[in-house]
Amino acid sequence: MPRQRPPFPSNKGLFGKPSAINNVETWSIIPRIIREGADWFASVGSEKSKGTKSFSLVGKVNNVGLVEVPLGTSLGKIVFDIGGGIPGGKKYKATQMGGPSGGVIPIEHVNVPVDYESVTALGAIMGSGGLVVMDEDSCMVDVAKFFLQFTRDESCGKCAPCRAGIPKLLALLNKITSGKGTLQDIDTILELSEMIQKASICGLGQTAPNPAISTIRHFREEYEAHIIDKKCPAALCQSLFRAPCQHTCPVGLDVPGYISLIKNDKPEEAYKLIMQRLPLPMTVGRVCPHPCERKCRRGQVDQPISIRHLKRYASDYAYEHGLSYTPKVKAAKAEKVAVIGAGPAGLAAAWDLTVEGYKVTVFEALPVAGGMLAVGIPEYRLPKEILNKEIDNIKKLGIEIKLNSPVKDVDALFKEGFKAVFIGIGAHKGDKMGIPGEELEGVYDAIEFLRNINLGKDTKIGKKVAVVGGGNSAIDAARIALRKGAEEVHIVYRREKADMPAEEEEISAAEEEGIKLHLLTAPVKVIGKAGKVAGIECNKMALGDFDKSGRRSPKPITGSEYTIEIDTLIEAIGQRPDTDSLKLGSIKTGKGGTLVADKRTLATDQQGVFAGGDAFTGPWTVIEAIASGHPGLTGRIPKISHTRTYRQPMRRPRNAPGLA
Ligand SMILES: Cc1cc2nc3c(=O)[nH]c(=O)nc-3n(C[C@H](O)[C@H](O)[C@H](O)COP(=O)(O)OP(=O)(O)OC[C@H]3O[C@@H](n4cnc5c(N)ncnc54)[C@H](O)[C@@H]3O)c2cc1C
């Protein structure tokens with residue numbers, strides 16, 4: 001039975017004498033220390049933590065088993081080099097360290113040296129040497145629950161804080177995972193945890209709350225998602241959803257419903273079901289990176305169901321049979337709403353607001369509607385005929401889209417009588433590499449290049465083209481260059497193929513077409529001849545430490561420079577919202593030039609102004625842009641209430657599918 005300490009056993013233990021109660025791992029090293037000496041032992045490990053440590057490496061990792069490493073070895077090395085990384089191409093999320101009384105170390109700290117000091121500083125412990133690796137499918141609230149169930153069962157019951165406190169903690173966590181939690185519950189968990197830690201007699205009670213404390217410390221957003229949005233981002237907490245695919249779909253499409261209708265040979269009904277949440281189904285059925293399929297339960301058996309293709313089938317069927325869907329529009333309201341930008345975010349917002357009864361005008365700077373769907377994604381992936389058909393259907397609802405109408409001043413729209421403004425201007429300004437020679441003739445920005453091609457403008461493309469970047473826009477630009485007469489196309493990317501943010505099928509298609517990938521390669525200089533591009537000097541890269549996204553950071557290899565002879569260079573390394581010609585008033589911009597807004601309501605700091613899509617999240621995906629156009633116009637505008645809630649838009653993770 002536990003008893004109050006001190007005295008500790010090393011002072012007063014068995015028969016009241018000093019007793020050594022160290023575990024087998026410690027005893028096993030003693031003979032070697034005696035044989036080889038203290039200096040030998042101290043030569044292994046980090047500055048303060050000496051020697052080696054054995055871990056039981058388990059969870060979502062390819063090589064499970066017992067591993068022994070010098071203390072100070074980085075967590076990333078254990079998980080990726082020794083453990084062989086995460087199975088099934090899933091994303092690494094965190095490691096739970098130290099057994100049931102330990103804590104989690106999130107992906108941002110994957111480089112942490114595993115020694116006593118560093119691990120403790122992050123709220124975990126070495127404990128029993130358990131290392132449970134977790135991937136994107138692990139729910140952090142559920143993880144806390146799992147470990148607390150263990151400590152609850154192990155509690156001897158001698159002291160009340162542990163005996164009664166742990167079940168109370170567990171009850172609060174259960175409340176949260178069943179969708180009944182409140183934000184106050186998070187504070188109560190932390191308060192109760194502190195009490196249990198301070199008042200319990202033995203180490204079990206003193207450390208039992210660790211999983212709850214550390215998951216809240218590192219994953220508070222995930223707790224909030226369960227409480228506020230009633231979402232389990234990992235699609236694990238059963239009470240919060242019907243099917244993981246539907247739960248993961250940013251617009252919450254009833255995937256099981258439309259698949260079932262298709263199965264029963266009812267494609268028209270399937271189309272109508274899809275249209276209730278997605279006004280651009282033929283488009284999304286072609287270009288969506290289908291996050292739903294990553295969570296498809298069938299994938300655990302063999303392959304996920306091709307959900308995106310089924311959506312495309314149902315919506316193409318409707319198109320080919322002249323069917324359309326028009327939702328019921330509510331009674332007309334007096335307020336007018338302006339939408340800036342006719343991309344998927346703007347169009348979805350216009351659709352929803354019109355259904356709610358508002359009079360919506362969409363202002364679009366370009367001569368065409370559709371945003372990146374029209375001027376970014378190439379025709380061979382998304383035919384204009386398909387896109388235009390969908391836009392026509394949106395217009396049928398009574399939405400006015402004013403083309404060639406760039407908005408220059410947000411405030412001016414209020415003076416024109418609009419009561420609210422939704423900004424969905426996308427991210428159309430290409431980032432620069434910042435290397436010498438970028439000003440030479442023949443250097444293009446991918447966004448501008450694709451826009452010009454899509455708008456039918458004359459664009460000179462040479463015979464030897466290099467594209468820098470690894471996202472969708474890089475692949476699209478490379479494949480377009482090939483279609484426009486280039487004889488040799490190179491893609492230069494600084495990381496490995498698995499790190500490329502572009503869709504896997506797009507990368508394979510590019511390779512099949514003969515486009516050459518230069519992986520682990522970074523440009524250092526654009527070489528010019530008579531003011532024109534003549535080549536690109538590149539460095540080979542080696543993979544170094546892990547970065548915050550869990551990918552290894554590439555570092556140049558000295559003396560590895562080589563030149564690719566080219567006459568055209570296309571830069572596709574990233575984009576940001578182009579706010580140069582749009583007066584934003586009091587609306588703030590943040591990281592990557594994105595507009596700052598509340599992530600749930602999308603309200604900016606300026607009364608009545610909302611922002612969504614790529615302009616808010618940074619370059620991401622069509623389905624995310626549509627989702628962010630759906631919710632949120634709540635509260636801040638008198639009489640305008642918008643109650644349909646869908647999945648809340650999240651910030652784009654660093655290596656999410658989309659753009660480099
Ligand atoms: C080359 C490329 C390929 C891509 N491929 C895919 C893919 O396969 N799958 C996928 O899911 N996503 C893909 N994406 C990303 C996707 O296209 C975007 O995430 C999505 O279009 C963002 O939608 P949005 O409405 O926020 O912005 P956008 O689609 O960019 O639309 C913004 C609109 O606002 C207009 N605008 C800007 N400023 C003003 C102003 N001042 N006044 C009036 N109008 C203005 C712009 O002209 C534009 O029409 C791709 C992107 C690119 C560039």
Side-chain angles (χ1 to χ4, degrees), residues 250 280 283-291 308 338-350 361-378 380-382 387 391 401-410 412-413 421-430 445-451 453-455 467 469 471-480 501-503 505-506 509 570 572 574-584 594-595 602 611-629 649 652 656-660:
L280 295 158
T283 300
V284 173
R286 282 168 171 77
V287 303
C288 189
H290 46 77
R308 182 181 74 184
V339 171
I340 311 179
L347 291 174
T361 307
V362 181
F363 296 89
E364 170 52 55
L366 293 172
V368 289
M372 286 301 189
L373 306 178
V375 298
I377 301 178
Y380 66 85
R381 285 214 287 134
L382 176 60
L387 175 63
I391 293 173
I401 303 181
K402 290 189 170 179
L403 300 176
N404 295 308
S405 307
V407 174
K408 299 203 167 84
D409 184 353
V410 174
L413 292 171
V421 177
F422 177 87
I423 308 181
I425 58 171
H428 286 237
K429 195 172 170 189
D445 152 46
I447 299 304
E448 190 190 351
F449 171 76
L450 289 167
R451 187 194 306 132
I453 300 271
N454 272 307
L455 291 176
V467 181
N472 278 330
S473 47
I475 303 283
D476 285 345
R479 296 183 71 190
I480 280 288
E503 286 298 293
E505 60 193 86
E506 287 299 311
I570 302 172
Q575 301 133 242
R576 54 189 61 229
D578 188 355
T579 45
D580 290 348
S581 50
L582 175 64
K583 262 172 75 185
L584 286 173
T594 50
L595 307 189
L602 300 182
D614 282 2
F616 165 64
T617 57
W620 203 350
T621 62
V622 176
I623 195 71
E624 291 289 350
I626 293 175
S628 80
R652 176 181 180 267
L659 306 164

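The first residue of the sequence shown is numbered 1, and numbering continues consecutively from there. Counting convention: from 1, in listed order, for ligands and their atoms alike. Heavy-atom basis, side chains included; hydrogens, waters and symmetry copies ignored.
A distance of 12.5 Å separates CD1 in I480 from OG in S473, rounded to the nearest 0.5 Å.
Ligand 1 is never approached by E503 to a heavy-atom distance shorter than 4.0 Å.
Scanning all heavy atoms of the two residues, the minimum distance from L413 to A338 falls at CD1-CB, 4.0 Å. Between I570 and A477 the shortest heavy-atom distance is CG2-CB, 4.0 Å.
Ranked by closest heavy atom to atom 31 (O) of ligand 1, the top entry among G471, P291, P406, G343 is G343.
Checked by distance only, ligand 1 and P344 come closer than 3.5 Å through their nitrogen or oxygen atoms. Polar contact check, H428 against ligand 1: a nitrogen or oxygen pair lies under 3.5 Å apart. For ligand 1, the polar-atom distance check against P289 finds no nitrogen or oxygen pair separated by under 3.5 Å. Some N or O of M372 is nearer than 3.5 Å to an N or O of ligand 1, by distance alone. Considering backbone and side-chain atoms alike, Q575 places every N or O at 3.5 Å or more from each N or O of ligand 1.
Looking at residues two or more places apart in sequence or on another chain, you find a side chain to side chain contact (heavy atoms under 4.5 Å, CB included) between N404 and P367.
Using a 4.0 Å cut-off between heavy atoms, I447 contacts ligand 1 through its side chain alone, with no backbone atom that close. No part of K408 comes within 4.0 Å of ligand 1, judged by heavy-atom distances. Contacts between A625 and ligand 1, counted as non-hydrogen atom pairs separated by less than 4.0 Å, involve the side chain only. At a heavy-atom cutoff of 4.0 Å, ligand 1 is contacted by the side chain of D476 but not by its backbone. At a 4.0 Å heavy-atom cut-off, ligand 1 does not touch D578 at all.
The only member of H428, K429, M372 that meets side-chain contact (heavy atoms from CB on, under 4.5 Å) when paired with Q575 is M372.
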R308/E503 under salt bridge (Lys or Arg N to Asp or Glu O under 4.0 Å): CA gap, chis, key distance, verdict: CA-CA 14 Å; R308 182 181 74 184; E503 286 298 293; 5.1 Å; no

